[in-house]
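Read the numbers this way: they start at 1 and go in the same order the structure lists the ligands and their atoms. For the numbers below, each heavy atom of this structure counts, side chains included, while hydrogens, waters and symmetry mates do not. For the single chain, residues carry numbers from 1 onward in sequence order.
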Amino acid sequence: MEINGLQRHYELASGVVRALDGIDINIEKGERIVLLGPSGSGKTTLLNCVAALDSPTGGSYSFDGEDVPRNKSEEMTTFRRKNIGYVFQFFNLLQDLTVLENILLIQELSGSRDKQRALDLLQLVGLEKEVDRFPAEISGGQQQRVAIARSLAKSPKLLLGDELTGNLDSKTSAMVMEVLVKACESEEITTIMVTHDENLSKYATRVIRLDSGKIVSDEKVNQ
Ligand SMILES: Nc1ncnc2c1ncn2[C@@H]1O[C@H](COP(=O)(O)OP(=O)(O)OP(=O)(O)O)[C@@H](O)[C@H]1O
Ligand SMILES: [Mg+2]
């Protein structure tokens with residue numbers, strides 16, 4: 001992934017907000033990036049631009065050698081379905097579907113229904129016994145593990161997480177992170193995880209810090 005001079009400015013009546021103000025990052029396949037920075041520094045904005053959920057207002061961003069679509073919602077959706085898995089802080093599971101059905105639905109949307117893979121992923125995250133339960137019938141940590149299995153279900157090239165352990169206690173958070181790292185390593189999935197939690201740096205191969213829409217440090221971590 002190549003990001004050059006990326007900008008996301010908001011024109012408000014009160015002036016211009018420079019949420020991203022010239023971001024340069026090259027990311028190689030398989031890197032596991034933890035993105036840190038104070039509240040309002042631009043982390044979510046960067047993740048949303050990388051995911052083609054939002055359109056930058058300047059600079060360039062290419063993925064697998066191709067410019068990522070912007071300002072065209074259909075092309076952006078196609079790009080996301082093909083390439084991106086996204087885990088949100090609030091798990092966004094559909095309450096009327098079982099654990100397994102939540103995963104099958106995502107596969108169907110990306111045109112790759114594969115029940116065996118869905119079951120394999122649920123086993124990977126340790127939920128083989130809960131496949132037929134509804135989200136309200138499992139714990140928060142288990143719901144987050146379903147969300148991770150779901151984000152992996154369509155074999156994304158890029159997995160993005162925004163405060164994905166933000167609602168979990170430290171023990172559950174460690175378990176979720178270990179599951180995630182294992183899955184990403186075995187499938188060579190590139191990850192970017194946004195967090196306030198410095199402790200999560202230990203799961204990264206690279207730590208990037210943002211402040212006021214700019215990168216203030218970018219370091220590889222020795223594993
Ligand atoms: N729709 C919008 N209109 C104007 N400014 C916005 C908008 N969305 C975000 N911003 C501003 O852009 C900046 C970056 O916001 P962003 O959500 O990326 O921060 P963040 O690093 O994710 O913060 P947090 O850790 O609190 O989630 C902030 O100053 C925010 O106020
Ligand atoms: Mg944020």
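The shortest distance between side-chain heavy atoms of Leu100 and Lys115 falls below 4.5 Å. The shortest distance between side-chain heavy atoms of Val194 and Val34 does not fall below 4.5 Å. The shortest distance between side-chain heavy atoms of Asn83 and Pro156 does not fall below 4.5 Å.
In this model, a donor atom of one side chain and an acceptor atom of the other lie less than 3.5 Å apart for Thr44 and Asp162. Ser155 and Arg117 are linked by a side-chain donor-acceptor pair at a separation below 3.5 angstrom, with hydrogens and angles left out of the test.
Checking Asp211, Leu35, Leu12, Thr44 against atom 17 (O) of ligand 1, the nearest heavy atom belongs to Thr44.
Among pairs with a residue in residues 73-96, none fulfils salt bridge (charged side-chain N to carboxylate O under 4.0 Å, His left out), at least two apart in sequence or across chains.
Closest to atom 1 (N) of ligand 1 among all protein heavy atoms lies Tyr10 CE2, 3.5 Å. Taking atom 30 (C) of ligand 1 as the reference point, the nearest protein heavy-atom neighbour is Val17 CG1, 4.8 Å. In this structure, the protein non-hydrogen atom closest to atom 25 (O) of ligand 1 is Lys43 NZ, 2.7 Å. Protein heavy atom at the shortest distance from atom 16 (P) of ligand 1 is Thr45 OG1, 3.5 Å. Nearest protein heavy-atom contact of atom 14 (C) of ligand 1 is Gly40 O, 3.4 Å. What sits closest to atom 26 (O) of ligand 1 on the protein, heavy atoms only, is Ser39 OG, 2.5 Å.
Residue-ligand proximity: Gly213 is placed with every non-hydrogen atom at 4.0 Å or more from ligand 1. Using a 4.0 Å cutoff on heavy atoms, Ser41 counts as a contact of ligand 1.
Contacts of Glu163 with ligand 1, taken as heavy-atom pairs under 4.0 Å, are absent altogether.
Hydrophobic clustering (ILVMFWY, side-chain heavy atoms < 4.5 Å, transitive): Ile148 and Leu105 are in distinct clusters.
Note on Glu187 versus Lys157: no salt bridge recorded, every NZ/NE/NH1/NH2 to OD/OE distance being 4.0 Å or above. Ion pairing between a basic and an acidic side chain is recognised when a charged N comes within 4.0 Å of a carboxylate O; Arg32 and Glu185 show such pairing.
For atom 20 (P) of ligand 1, the nearest protein heavy atom lies under 4.0 Å away.
Within the 2.8 Å limit, Thr44 places at least one N, O or S atom next to the Mg ion (ligand 2).
Shown in contact with Pro38 at under 4.0 Å from a heavy atom are these atoms of ligand 1, numbered in order with element: 21 (O). Every atom of ligand 1 is numbered from 1 in the order shown, and the set under 4.0 Å from a heavy atom of Ala19 is 12 (O), 13 (C), 14 (C). When each atom of ligand 1 is checked for a heavy atom of His196 under 4.0 Å away, the hits are 25 (O).
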Requested in this report: Would you check, one step at a time, whether the test salt bridge (charged side-chain N to carboxylate O under 4.0 Å, His left out) holds for Glu101 with Arg150?
Outcome: CA-CA 10 Å; Glu101 288 164 350; Arg150 182 183 58 173; over 6 Å; no
